[in-house]
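Here is the structure we will look at.
Any value given below was found using the heavy atoms of this structure, including those in side chains, with hydrogens, waters and symmetry copies removed. So that the names make sense, note that chain A is the first sequence line, chain B the second, and so on, each numbered from 1.
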There are 2 protein chains.
Amino acid sequence: MPSKPGAQPARRSAAEPASTGLRERILSATRELLRERRFDTLSVADILTAAEVSRASFYFYFPSRQAVLGELVRDAVAQGQQAAAPWIGGSQDPVAALRAGVRDGARLWRDNAGVLMAIVESQGSDEGLRALWLEQMNLFTDAAVARIESDPQARRRLGDMDVRAVAASLTWMGERLYYLAAAGVPPFDDEEVLVDVLTNAWVSILYGRPVTPPSRIPRAEQRKDAAD
Amino acid sequence: MPSKPGAQPARRSAAEPASTGLRERILSATRELLRERRFDTLSVADILTAAEVSRASFYFYFPSRQAVLGELVRDAVAQGQQAAAPWIGGSQDPVAALRAGVRDGARLWRDNAGVLMAIVESQGSDEGLRALWLEQMNLFTDAAVARIESDPQARRRLGDMDVRAVAASLTWMGERLYYLAAAGVPPFDDEEVLVDVLTNAWVSILYGRPVTPPSRIPRAEQRKDAAD
DNA sequence: TAATGTTCAGACACAGTGTATGGTTCCCTT
DNA sequence: AAGGGAACCATACACTGTGTCTGAACATTA
């Protein structure tokens, strides 16, 4: 059927990682596109162009457009889980620990804004992505439950409330606020405000006491972190 | 161009509201379809069939599929705003007032689950719907801000925190939890749990005190409401 | 050399959206 | 009663996007 196969060995610009596996190229091209464009405006053709990959190759590695996003999300969240790991076993001041965890979340979202916004926005149009996100949020909820259960003070305060429900509500509030921040919706686009509000919510619900404004109390031993 | 126009006067089944304006028919057919089907799986053709309306008529009244949803959402939320009106000027016990407001929200979502889920899920694929939903949530946030500002106790507790941010976070937590409930995601699919958790969040954040379990204290003067 | 795996270009079938055309019916006005 | 226009219809079209398929060019390894 083809009239004249002028197949060239696909010569790529030297600047691009030409030898990299196509699979990786597709993933990172998508991740890159997602930095500026919403997932729903992203056609497979766009990805093909950006990744310099043929249509056939794309479907050789991924069953669908959504599958690519799914993998990107898993990667991002896994990386986030790792960062949040020390959060659970935190033996320091609970409020400081909470705030640190919230800030880690903000950073994770800031660094992976495109991908995370994409899945949040695409849940409505894909069953698989919806399930995936639910699953990821459940992981965070599990961590929060563990955190609460191992904290007598919080347990006491919560009384006979459904601990998992409380943990889940906190998780989802975070999801929503981080998303809004990533979308640039005020007032959450200000990371300071975002972290304050979220931390305050956790502390208020778990301990009842109002959040101890950390910016007002410049303790010497804040939290050892990399440069901000 | 047309070979043979055999146009019949469109005879509808007597059981259906035949004389109703097509516009209304389109709206209610969509609303009905949304009761069982997700918006993204709903094609214009589906709506045409259900409403017994021609394609041309559809586009005569609405510029797009999304516009129909937009109108349904406006209707539902307006109805909800009305129901939530007394919530602001509540002079009763603040906790009871809060709980009542939360419950009203739950009811609104229960009664309009299809439509509300649809817009939440379709934000990602339509700029207009995204803006609309943002706008609606801002209305709720405005109400919450007013509520907080006129409450000395809450104001004091919040200290120098960004009141609007706190109000918005509460609003969005509600949005998320109601949505999850509508989607049947546990543990929020249990209205009792949902209301408890949300109320507790509001009370904890605004007043610091843990929620007074209402089911444990069967006061005679609960809240005068229609039959449950 | 032959088999196998990777990659390509291109075409295809299908579905969905929004627009356009032309025709019908019915009501309201003149 | 004529006729003008609004509401309505069926049909077809142009376009965009998805996922599949074909056939061929390579490259690697057996």
Side-chain angles (χ1 to χ4, degrees), chain A residues 1-13 16-27 29-30 33 37-70 118 122 124-129, chain B residues 1-13 16-27 29-30 33 37-70 118 122 124-129:
Chain A
M1 250 51 129
S3 51
K4 218 146 221 175
Q8 233 82 354
R11 185 160 288 109
R12 275 155 218 114
S13 58
E16 288 297 323
S19 57
T20 319
L22 295 209
R23 198 159 194 290
E24 296 309 315
R25 280 230 301 279
I26 293 170
L27 286 170
T30 304
L33 285 172
R37 209 121 59 91
R38 300 200 177 261
F39 185 66
D40 69 300
T41 72
L42 218 62
S43 73
V44 175
D46 292 328
I47 299 176
L48 302 185
T49 304
E52 291 181 288
V53 155
S54 78
R55 195 172 193 73
S57 295
F58 180 93
Y59 283 105
F60 178 77
Y61 287 110
F62 298 96
S64 72
R65 215 167 111 263
Q66 289 80 355
V68 179
L69 177 56
S122 303
S125 52
D126 188 274
E127 188 60 48
L129 293 179
Chain B
M1 251 47 124
S3 50
K4 219 144 217 176
Q8 233 84 352
R11 188 160 287 111
R12 275 157 218 111
S13 56
E16 288 297 322
S19 56
T20 321
L22 293 210
R23 198 158 195 291
E24 297 308 315
R25 280 231 300 278
I26 292 170
L27 286 169
T30 305
L33 284 172
R37 210 125 52 98
R38 301 203 175 260
F39 186 66
D40 69 300
T41 72
L42 219 62
S43 73
V44 175
D46 292 329
I47 298 176
L48 301 185
T49 305
E52 289 179 291
V53 155
S54 79
R55 193 171 196 76
S57 296
F58 179 92
Y59 282 103
F60 177 78
Y61 289 110
F62 298 96
S64 70
R65 218 168 109 261
Q66 289 79 354
V68 179
L69 176 56
S122 303
S125 52
D126 187 272
E127 189 60 46
L129 293 179

Looking only at side-chain atoms of [X], point me to the closest of [options].
X: A:Ala56; options: C:dA20, C:dA9, D:dC8; value: C:dA9
X: B:Ser57; options: D:dC8, C:dC8, C:dT19; value: D:dC8
X: B:Ser54; options: D:dC9, C:dT17, C:dT7; value: D:dC9
X: B:Leu22; options: C:dG18, D:dC8, C:dC8; value: D:dC8
X: A:Arg65; options: C:dG18, D:dG19, D:dC9; value: D:dG19
X: B:Tyr59; options: D:dC9, C:dC8, C:dT19; value: C:dT19
X: A:Ser43; options: D:dG19, D:dT18, C:dT19; value: D:dT18

To the nearest Å, how far apart are [X] [atom1] and [N] [atom2]?
X: B:Phe60; N: C:dG23; atom1: CZ; atom2: P; answer: 20 Å
X: B:Arg23; N: D:dC8; atom1: CZ; atom2: P; answer: 12 Å
X: B:Asp46; N: C:dT17; atom1: CG; atom2: P; answer: 8 Å
X: A:Asp40; N: C:dT17; atom1: CG; atom2: C1'; answer: 15 Å
X: B:Glu52; N: D:dA10; atom1: CD; atom2: C1'; answer: 15 Å
X: A:Leu69; N: D:dT18; atom1: CG; atom2: P; answer: 14 Å
X: A:Phe58; N: C:dG10; atom1: CZ; atom2: C1'; answer: 18 Å
X: A:Leu48; N: D:dT18; atom1: CG; atom2: P; answer: 9 Å

Check your understanding: Do you see a donor-acceptor pair shorter than 3.5 Å between the side chains of A:Thr49 and A:Asp46?
Key -> no

Review point. Do the side-chain N and O atoms of B:Ser122 and B:Ser125 include a donor-acceptor pair separated by under 3.5 angstrom?
Key: no

Exercise for review: Flag this pair as yes if the NZ/CZ of B:Arg65 is under 6.0 angstrom from the six-membered ring centre of B:Phe39 and inside a 45 degree cone about the axis; otherwise no.
Suggested key: yes

Exercise for review: Answer yes or no: side-chain N or O of A:Arg55 and base N or O of C:dG10 forming a donor-acceptor pair under 3.5 Å.
Suggested key: no

Point to revise | Any side-chain heavy-atom pair of A:Phe58 and A:Val68 under 4.5 Å | key: yes

Point to revise | Heavy-atom check, side chain of A:Val44 versus side chain of A:Tyr59, under 4.5 Å | key: yes

Practice item. For B:Tyr61, answer base if it contacts any base atom (sugar-phosphate contacts may also be present), sugar-phosphate if it contacts only those atoms, and nothing otherwise; contact means non-hydrogen atoms under 4.0 Å. Key: sugar-phosphate

